[in-house]
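Structure first, commentary second.
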Amino acid sequence: MKPRNRKSWEETALILAETIANCRSQDPYVQVGACAVLQDNSVSLGYNGPPPKIEIDWSDRDGRLSRVIHAEVNALRSVGPGQCKFLAVTLLPCRSCMAFIASKGIKRIVFREVYERDKLAFALAKEFGIELVQIPRKRPAKKTRR
Ligand SMILES: [Zn+2]
């Protein structure tokens with residue numbers, strides 16, 4: 001018997017990132033997830049949210065931006081430099097996360113969507129020698145008419 005087909009680590013990590021965002025992010029505007037795949041293929045997950053035990057006013061859409069910790073920071077919290085093979089994120093990292101990611105020695109990021117409000121991430125990634133790979137979500141297969 002042949003083994004069953006399985007998804008690549010990159011697609012798996014993106015699905016895990018989407019799942020943690022959907023399940024755990026409290027942000028009513030944007031739910032972001034990140035999955036760091038470590039050298040031994042263990043994973044570390046993060047989502048955007050306030051610091052532990054801190055309540056924030058979600059109705060203040062701009063104010064929340066200064067209070068929410070980004071998914072990438074949460075996923076990489078206990079990851080040491082050189083431990084992460086690649087990082088998967090639902091949304092292209094912002095400029096400050098890109099610098100933080102570089103500090104962890106990460107050289108490859110796979111992502112689903114571009115963050116339209118911060119395109120500096122592209123230039124920074126190039127400068128830091130980080131490869132960016134967009135992997136769009138697969139469309140559900142079209143139903144065939146009978
Ligand atoms: Zn960020």
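Indexing begins at 1, ligand by ligand and atom by atom, following the structure's order.
Within the sub-2.8 Å shell of the Zn ion (ligand 1), the protein contributes these N/O/S atoms: His70 ND1, Cys94 SG, Cys97 SG.
Counting heavy atoms from C-beta on, the side chains of Phe100 and His70 never come closer than 4.5 Å. Here the side chains of Lys85 and Asn41 are in contact, with some heavy-atom distance below 4.5 Å.
In this model, a donor atom of one side chain and an acceptor atom of the other lie less than 3.5 Å apart for Asp40 and Ser42.
More than 12 heavy atoms of other residues, nucleotides or ligands shown are found within 6.0 angstrom of CZ on Arg112. Within a 6.0 Å radius of CD in Gln39, other residues, nucleotides and ligands contribute more than 12 heavy atoms.
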Can you give the donor-acceptor pairs under 3.5 Å from side chains of residues 88-97 to other protein atoms, not counting sequence neighbours?
from  : atom 1 : to     : atom 2 : distance (Å)
Thr90 : OG1    : Gly33  : N      : 3.1
Arg95 : NE     : Asp118 : OD1    : 3.1
Arg95 : NE     : Asp118 : OD2    : 3.2
Arg95 : NH2    : Asp118 : OD1    : 3.1

